[in-house]
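Here is how names work: the chains are called A, B, and so on, in the same order as the sequence lines, proteins then strands, and each is numbered from 1. Just so you know, these numbers come straight off a predicted model, no measurement behind them.
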Amino acid sequence: METKIHHLSEQELIRREKLQELKKLGIDPYPAPLYPVNENAANIKAHFTEETKEKYQNVCLAGRLMSMRDMGKAGFAVIQDSTGRIQLYIRRDDICPVEDKTMYNTVWKKLLDIGDIIGVKGFVFITKTGEISIHVHEYTLLSKSLRPLPVVKEKEGETFDAVTDPEFRYRQRYADLIINPEVKNTFVKITQIKNSIREFLNNQHALEVDTPVLQSIPGGAAARPFITHHNALDIPLYLRIANELYLKRLIVGGFDWVYEFSRNFRNEGMDRTHNPEFTILEFYVAYKDYWWMMETTEQLLESVASKVNNTTLVKAGEKEIDFKAPYKRISIYDAIKEHTGVDLNDRNEEEIREICRQLHVDVEANMGKGKMIDEIFGEKCEHHFVQPTFITDYPVEMSPLTKKHRSKAGLVERFELIINGKEVANAYSELNDPIDQRERFEEQHKLMERGDDEAMYIDEDFLRALEYGMPTTSGIGIGIDRLCMLLTGQASIQDVLFFPQMRPEKHD
RNA sequence: GAUUCGGUAGCUCAGCUGGUAGAGCACAACACUUUUAAUGUUGGGGUCCUGGGUUCGAAUCCCAGCCGGAUCACCA
């Protein structure tokens, strides 16, 4: 295990020597007993005053040493616990009231390092310069750190030597979290967002469920799956690209409202808004349609935004986005008309192909009508929608799981929610006609035979479920990572995932 | 996948038209009992991403590769 020992830097070697010194002094650098913490940094800083100081005569807290300033027979240090940072004041003669000054002169001043985790007991006071601090009368080493922690300094809100290298931050998120406190805040907020969504849904008596991640037919979306193999069954299995078909089976089974935070896996490119695994919240509600779903969606998002940010406004670069309901609704044809001047109503495939040529939208020869319309929208319209906007009534060819529009031929009852030029949600009135569904699957199957590797498989079991009868249902998928990016002001999906996918590091 | 920018000490970075590597912090030593980017003095620390090439000589120029970011393409 120590084959790398000769690659250690000077500072790492010194820390290992200190480790041995500590052991020689009878100090266990990784002690087993619990440490009786009774306070934390944020709490003390929020509540300590001259009036309340009696309550802070005997505090015990633990954290990571972030800076040390020795001044001879006394010194200051800063520890960071899960709530924040607080200063310590430590004096030799408090720590070592007797002749032997080892615990101060040797252990504290020489053998402890930035990055070590220690526990302290003492009382809270305010220094001459007004800093709430802990006057330490006893400390305990709780974990020795062997790797130098990048030191980030700060003065009057200005940060010095911040570690900004994205590679360092994503590969060593543990270190990123220690030294960049705002990163931690982002992830705490992400959990608040998810909790707040759960609260909204649970208040409406929705049921949170779990459905299979390993699926023998990867359905519910058009995407390339990851494939794996089950040894005992000797069958291929796919990591799910969506959970839609399973949630609909549960609607068939008699639940009125089910939801799941679905970790999905898609074997596709990666960039600022795509990670191979990502999270979609899907929910399905019986006896509703996509108009109802638009209202519910805008209520949900307004409620979540105002709960986690105390405002419905968020900044996205230069732009300001308002999550306050209601959101603009526009059909995809009207959106295209608005931004290109072209009316696509009643146009056939060849006419649309010609329009694409005129608009300089690149289309392939094998693209059908629906796909070309989607291309025009994506290229000419989508980026214009900065404020939350529902784009409605998509062409049927793009939507094999969606109910046909109640009054517009060739279209389906579907909407996408666009925010800041990106799709955040996709919803529809669910197709519940088993015969129509079978035909749509068969069309997909033909596409697959023509080589479309994102076409859907025919899922016989799902069809069997629909044949028992599924109520009219509306369902939605909300891209949680993208929503979190918006609500936390992060520009990259890597900043809302603790451990974004990276190429493996080479260790020699 | 394409284009582009980057990779130098533990961290942040400098290093020009080629001449054998530098700062601040961190680290080590000494001093200092209310400091706070603590301070003062002294010192140690480098596979300049990797491999080739050009050259008397390469961190620097050229080629290939690895890793990362950004933009584009595909997608959510």
Give, ordered by number, those residues of [range] having at least one heavy-atom distance below 4.0 Å to an atom of RNA chain B; if nothing qualifies, reply none.
range	value
residues 414-430 of chain A	A:Lys422, A:Glu423
residues 119-128 of chain A	A:Phe125, A:Thr127, A:Lys128
residues 476-493 of chain A	A:Arg482

>> Quick check on B:A26: is either OP1 or OP2 less than 4.0 Å from any side-chain nitrogen or oxygen of A:Lys153?
In response: yes
> Planes under 30° and centres closer than 5.5 Å, is that true for A:Phe76 with the base of B:A38?
Replying inline: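 A stacking contact does not exist, since A:Phe76 is not both close and nearly parallel to the base ring of B:A38.
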Using the test side-chain hydrogen bond (donor to acceptor under 3.5 Å, both in side chains), find all partners of [X] that sit at least two apart in sequence or belong to another chain.
X	result
A:Gln172	none
A:Ser133	A:Gln87
A:Glu318	none

> Pairs in or reaching into residues 366-386 of chain A: which pass ring pair (Phe, Tyr, Trp, His ring centres under 6.0 Å), with residues at least two apart or in two chains?
Replying inline: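 Sorted result for residues 366-386 of chain A: A:His339-A:His384, A:His339-A:Phe385.
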Please state how far atom [atom1] in [X] lies from atom [atom2] in [N], giving the value in whole angstrom units.
X	N	atom1	atom2	value
A:Asp116	B:C27	CG	P	11 Å
A:Glu268	B:G1	CD	C1'	14 Å
A:Tyr104	B:U33	OH	C1'	8 Å

> With sequence neighbours left out, what residues match A:Gln11 under side-chain contact (heavy atoms from CB on, under 4.5 Å)?
Replying inline: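 Only A:Ser9, A:Pro148 meet the side-chain contact (heavy atoms from CB on, under 4.5 Å) criterion with A:Gln11.
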> Residues two or more places apart in sequence or in another chain: which of them pass salt bridge (Lys or Arg N to Asp or Glu O under 4.0 Å) with A:Asp459?
Replying inline: A:Arg249
With the criterion being N/O to N/O and under 3.5 Å, what pairs connect the protein with nucleotides 9-12 of chain B, and how long is each?
from  : atom 1 : to      : atom 2 : distance (Å)
B:G10 : N7     : A:Gln11 : NE2    : 3.3

> How would you list all residue pairs meeting side chain to side chain donor-acceptor pair (under 3.5 Å) that involve residues 173-184 of chain A, not counting sequence neighbours?
Replying inline: A:Arg169-A:Asp176, A:Arg173-A:Asp176, A:Asp176-A:Asn180
Per-pair distances, 0.1 Å, donor-acceptor, side chain in residues 59-68 of chain A, under 3.5 Å, sequence neighbours excluded:
from    : atom 1 : to       : atom 2 : distance (Å)
A:Arg64 : NH1    : A:Gly115 : O      : 2.9
A:Ser67 : OG     : A:Arg69  : NH1    : 3.4

